[in-house]
Amino acid sequence: MKKVMALMLTAVMAAGVFAGCQKPEAAKESGEKPVLRQLGFQRNFDPNQDPVAKFLEEKTGYKVNYEILPLENPNDKLNLLMANKEQIDILKLTAAQYSKLANEGALEPLDDLLKEHGQTLLKVNSPEAFETAKVNGKIYGIPEQAPKPFISEAFAVRQDIMDELGLKTPTTLDEFYTVLKTIKEKKNIIPLTGFEPIVYQIAGAFGVVTQWEEADGKVRNRLENPGMKEYLEFMNKLYNEGLIDKEWPINNSAKIQEKFTSGKAAMMTYGWGIAGVVPKALEKNFPNAKITLIPSLKGKDGKQGAFLQATGVSWYIAIPKVSKNKEHAMKYMDLKVQPDLFKELAIGQENVHWKKEADGRMVPILPKFNEERNNADWFITSTDAKAYQDLWVLRTRKDPLIGAAFDEMQKQEPYGKKDVVATYAPPLATNAKYNQKLLKLESDYILKAIAGSEKVDNFDKFIQQWKNEGGEEASKEVNDWYSTWKK
């Protein structure tokens with residue numbers, strides 16, 4: 001199947017002539033460009049007042065009115081807009097949103113529009129990416145590929161406490177256990193605080209990382225990995241011995257940051273996204289405190305794993321069937337991925353928004369970059385995929401502390417694991433139907449098992465419940481796809 005993907009896409013693009021697309025009623029025969037309406041994902045800013053909106057209008061000649069989905073219940077708002085047949089021209093959708101709307105017939109097939117007006121979009125995105133966008137054999141969305149595979153988490157530990165107690169950075173589960181135990185006995189504070197059901201830096205030592213994983217010629221859910229039960233037993237042991245936060249099941253990101261920066265906890269689960277605030281807050285309370293990152297730990301037989309994110313398609317950009325400006329919407333999006341324009345959209349101008357250091361490393365010029373390109377990613381409707389890898393890394397350096405944490409976490413890449421379904425599969429209808437429910441079921445059970453309110457001994461009963469509530473159907477759909485794809 002993989003061998004013929006490129007041929008299949010070429011055949012689709014070559015077949016037929018442009019037909020079936022409505023003429024843009026808002027545009028005059030003279031070629032006047034209509035005002036477009038674009039709906040994007042939730043974020044707390046006004047895109048219409050952002051410098052990027054003005055930049056795009058000047059460069060493309062298209063005026064666009066931008067709207068954002070609400071932070072709370074975004075899907076409800078999206079579904080309402082679609083049900084009311086609102087005149088929207090461009091939609092930026094998650095895989096689940098895309099699958100739902102495409103299967104409901106709310107989106108315009110784009111095969112012919114891409115052939116006529118999206119030549120650059122076809123060029124800068126791989127045939128494999130367009131394969132993931134096919135629903136019942138047709139393309140309903142332009143893929144926006146994840147910019148660059150990355151690992152986003154590690155443990156953050158206070159190095160001053162480690163030095164005080166004469167402890168070295170742990171590399172194995174056993175060493176990690178010893179560090180936690182020593183901190184509890186000598187400092188009488190929370191050794192490790194967190195809130196996540198699956199802590200990849202620990203779970204990876206048991207071979208458990210991605211939601212869907214390849215095993216014995218099939219795909220299985222991580223809940224069906226024998227290492228999951230071992231992970232739960234280990235986390236429950238840490239919990240019972242007071243080596244992790246007793247409030248783990250009810251914590252959130254804000255709570256664990258407060259506990260760590262106020263001195264109540266010596267270690268926390270840590271993502272690079274919060275690296276711009278945590279060290280500063282810690283330093284205010286403990287001027288001599290420094291943070292060291294602890295990467296994924298090794299288990300028995302040297303087993304080690306970290307979740308390699310952003311390996312597939314992040315977004316699908318669609319044109320609603322009711323749009324009166326389908327051709328112009330496609331033309332506008334194709335203009336945005338012209339190489340020079342896309343680069344300036346993503347990172348701005350050299351020596352204005354960014355610069356090259358002596359070693360060739362690209363870094364943002366602050367605060368100018370943040371003032372004029374901080375939200376540039378929101379406006380992107382597909383990327384110049386290869387070019388964006390390096391441009392996106394520059395964007396992680398908008399804050400020097402975030403950039404440093406990000407770079408340090410990428411040292412885990414050699415043993416990072418990617419999710420085969422998230423990376424290669426098209427939107428799958430059954431998974432879209434059950435995934436959110438199944439993930440919550442998984443999360444609730446794991447947190448209860450860690451705290452002991454659910455017995456790990458009853459794990460098999462939970463697996464049966466998971467299967468009954470959609471897990472079995474989802475697994476079948478995934479394996480039906482996989483059996484064809486792997487050929």
Side-chain angles (χ1 to χ4, degrees), residues 146-163 167-180 192-194 196 198-210 213 227 231 253 256-257 260 266-280 282 289-312 314 357-364 386 388-419 422-423:
K148 181 180 175 65
F150 64 86
I151 292 166
S152 66
E153 64 281 309
F155 293 116
V157 65
R158 283 183 50 186
Q159 187 59 46
D160 54 314
I161 291 179
M162 297 287 281
D163 292 341
L167 296 170
K168 295 182 179 180
T169 302
T171 60
T172 68
L173 282 180
D174 290 341
E175 292 172 358
F176 185 68
Y177 175 82
T178 298
V179 167
L180 297 181
L192 170 65
T193 186
E196 301 87 345
I198 299 178
V199 182
Y200 300 114
Q201 277 55 46
I202 295 176
F206 298 100
V208 177
V209 181
T210 59
E213 57 190 34
Y231 165 72
S253 181
I256 69 170
Q257 288 180 55
F260 181 74
M267 192 185 306
M268 68 177 287
T269 53
Y270 196 67
W272 60 272
I274 60 172
V277 295
V278 170
K280 295 175 184 176
L282 178 64
K290 300 294 181 185
I291 290 176
T292 293
L293 298 186
I294 302 174
S296 292
L297 303 162
K298 293 180 181 177
K300 57 187 178 183
D301 302 323
K303 192 175 290 183
Q304 188 178 26
F307 181 30
L308 192 62
Q309 296 176 248
T311 55
S314 300
E357 296 186 326
D359 59 0
R361 188 170 180 262
M362 298 167 67
V363 296
K386 291 182 180 179
Y388 195 42
Q389 294 188 30
D390 292 335
L391 305 184
W392 182 80
V393 171
L394 179 148
R395 292 186 58 79
T396 69
R397 298 170 182 149
K398 292 184 293 183
D399 182 305
L401 290 173
I402 291 177
F406 177 85
D407 290 343
E408 183 69 20
M409 289 175 184
Q410 303 326 299
K411 294 178 181 179
Q412 301 173 91
E413 279 192 31
Y415 48 83
K417 300 183 186 302
K418 57 187 177 183
D419 188 306
T423 304

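What's counted below: heavy atoms across the whole structure, side chains too, no hydrogens, waters or symmetry copies.
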Given Leu180 and Met267, is the side-chain contact (heavy atoms from CB on, under 4.5 Å) satisfied, shown in steps?
-> CA-CA 9 Å; Leu180 297 181; Met267 192 185 306; 4.0 Å; yes
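- Taking each heavy atom of Pro414 and Lys411 in turn, the nearest pair found is CD-O, 3.3 Å.
- The main-chain N or O of Ile294 is never found under 3.5 Å from a side-chain atom of Gln201 such that the two would form a donor-acceptor pair.
- Between the Asp399 side chain and the Leu401 main chain, a donor and an acceptor come within less than 3.5 Å of each other.
- Residue Tyr388 holds its OH atom at 7.5 Å from CG of Leu391, rounded to the nearest 0.5 Å.
- Distance alone, capped at 3.5 Å, places no donor-acceptor pair between the Thr292 side chain and the Val157 backbone.
- From Ser296, atom OG reaches atom CD of Glu153 across 7.5 Å, with rounding to the nearest 0.5 Å.
- Here the closest heavy-atom approach between residue Gln304 and residue Leu297 is recorded as CG-O, 3.7 Å.
- With Gln412 contributing its side chain and Met409 its backbone, the two residues share a donor-acceptor pair below 3.5 Å.
- Taking all atoms of both residues into account, the shortest heavy-atom contact from Arg397 to Val393 is NH2-CG1, 3.4 Å.
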Steps toward side-chain contact (heavy atoms from CB on, under 4.5 Å) verdict (Glu213, Asp419) = CA-CA 6 Å; Glu213 57 190 34; Asp419 188 306; over 6 Å; no
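- Nearest heavy-atom pair across Thr311 and Ala146 is N-CB, 4.0 Å.
- Every residue was checked against the ring pair (Phe, Tyr, Trp, His ring centres under 6.0 Å) condition with Tyr270, not counting sequence neighbours, and none meets it.
- For the atom pair CD1 of Ile198 and CZ of Phe307, the computed distance is 10.0 Å after rounding to the nearest 0.5 Å.
- Asp407 CG to Arg361 CZ: the interatomic distance, rounded to the nearest 0.5 Å, is 5.5 Å.
- Between Phe176 and Phe155, the ring planes lie parallel to each other; the angle is under 30°, not in the 30° to 60° tilted range.
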Pair Ile151-Glu413, side-chain contact (heavy atoms from CB on, under 4.5 Å): steps then yes or no = CA-CA 7 Å; Ile151 292 166; Glu413 279 192 31; 4.3 Å; yes
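- Nearest heavy atom pair, residue Ala156 against residue Ile291, reads CB-CG2, 3.8 Å.
- Between Glu408 and Leu293, the shortest heavy-atom contact is CG-CD1, 3.7 Å.
- Note that CZ of Arg158 and CG of Asp163 are 11.0 Å apart. Values are rounded to the nearest 0.5 Å.
- Side chain of Gln309 to backbone of Pro149: no donor-acceptor contact under 3.5 angstrom is found.
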Trace of the side-chain contact (heavy atoms from CB on, under 4.5 Å) decision for Met268 with Ile274 | CA-CA 12 Å; Met268 68 177 287; Ile274 60 172; 3.7 Å; yes
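- Here Leu167 contributes atom CG and Ile161 contributes atom CD1; the two are 10.0 Å apart, rounded to the nearest 0.5 Å.
- Using cut-offs of 30° and 60° on the angle between ring planes, the pair Phe406 and Trp392 is perpendicular.
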